[in-house]
Amino acid sequence: METQESRRVEFTPEAAGLVRKLREQHGPLMFHQSGGCCDGSAPMCYPEGEFRTGGSDVLLAELTVDGVPEPVGFWMSKSQFGLWSHTRLIVDVVPGRGSGFSLEAPEGVRFLIRSRVIDS
């Protein structure tokens, strides 16, 4: 059964593989999608709890990844969610160096959002 959360965010197989690798290295993980420019608009991966979320953030999904013992939370700023509320976010991985703050930066790849319009 597909939940509301699972319709909002998903990982490509490549992204899920990187999440498994990062989980082994850093422990439980979380993502935050902000509305900034440049790398600020990329999904950022952190050790769980390292990025402080609050009333200005929305938990879009707690994603299950095979080989990862706990769900991976995916957060977005409320203001950004207002703009993307009819969009399914697909987290993918591409070659290149992203932000130095996201855990995948030393791997020579970066997370990237692909999207698809959905019914609300």
Side-chain angles (χ1 to χ4, degrees):
M1 179 175 170
E2 188 173 63
T3 66
Q4 180 72 15
E5 291 79 21
S6 67
R7 291 188 318 170
R8 293 264 182 226
V9 185
E10 68 180 81
F11 289 124
T12 63
E14 295 79 12
L18 183 55
V19 166
R20 278 189 290 280
K21 179 178 182 177
L22 295 173
R23 168 57 174 90
E24 288 175 13
Q25 295 172 354
H26 302 282
L29 304 172
M30 66 178 290
F31 279 81
H32 189 271
Q33 173 73 44
S34 71
C37 70
C38 307
D39 281 341
S41 60
M44 305 290 280
C45 182
Y46 301 98
E48 185 177 10
E50 185 172 300
F51 184 92
R52 288 188 188 246
T53 57
S56 63
D57 298 295
V58 176
L59 177 61
L60 293 183
E62 291 187 310
L63 300 161
T64 301
V65 177
D66 288 340
V68 175
E70 64 282 316
V72 177
F74 192 98
W75 295 82
M76 177 181 277
S77 66
K78 262 187 197 176
S79 60
Q80 188 72 3
F81 179 69
L83 300 172
W84 291 34
S85 62
H86 293 36
T87 306
R88 180 177 181 92
L89 305 177
I90 303 160
V91 182
D92 201 359
V93 172
V94 294
R97 185 147 159 63
S99 170
F101 296 112
S102 193
L103 291 176
E104 81 281 4
E107 304 295 325
V109 295
R110 64 186 182 93
F111 288 110
L112 171 84
I113 290 291
R114 300 185 189 283
S115 62
R116 183 172 64 222
V117 175
I118 59 170
D119 293 333
S120 57

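In what follows, every heavy atom counts, from backbone to side chain, and hydrogens, waters and symmetry copies are set aside. Values in this document were obtained by computation on a predicted structure and should not be read as measured data.
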Looking at side-chain heavy atoms only, is the closest gap between [X] and [Y] below 4.5 Å?
{"X": "I113", "Y": "V91", "value": "yes"}
{"X": "V58", "Y": "W75", "value": "no"}
{"X": "P69", "Y": "R23", "value": "yes"}
{"X": "K21", "Y": "E107", "value": "yes"}

Quick check: closest heavy atoms across [X] and [Y], and the distance to 0.1 Å?
{"X": "V65", "Y": "V19", "value": "CG2-CG1, 4.2 Å"}
{"X": "C45", "Y": "S102", "value": "N-OG, 2.8 Å"}
{"X": "S77", "Y": "D57", "value": "CA-OD1, 3.7 Å"}
{"X": "Q33", "Y": "W84", "value": "NE2-CH2, 4.3 Å"}
{"X": "F51", "Y": "H32", "value": "CE2-CD2, 3.3 Å"}
{"X": "I90", "Y": "T12", "value": "CG2-CG2, 3.7 Å"}

From [X] [atom1] over to [Y] [atom2], what is the distance, rounded to the nearest 0.5 angstrom?
{"X": "T87", "Y": "R114", "atom1": "OG1", "atom2": "CZ", "answer": "15.0 Å"}
{"X": "T53", "Y": "Y46", "atom1": "OG1", "atom2": "OH", "answer": "11.5 Å"}
{"X": "E104", "Y": "Q25", "atom1": "CD", "atom2": "CD", "answer": "11.5 Å"}

- Query: Side chain of R8, backbone of S85: donor and acceptor closer than 3.5 Å?
  - Reply: yes

- Query: Any idea how F111 and F31 line up, ring-wise: parallel (<30°), tilted (30 to 60°), or perpendicular (>60°)?
  - Reply: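 The arrangement is perpendicular - the two ring planes meet at more than 60°.
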
- Query: Applying the 4.5 Å side-chain criterion to the ILVMFWY set and letting contacts propagate, would L59 and M30 be lumped into a single cluster?
  - Reply: yes

- Message: Restricting to side chain to side chain donor-acceptor pair (under 3.5 Å), what partner residues turn up for E50, sequence neighbours left out?
- Response: none

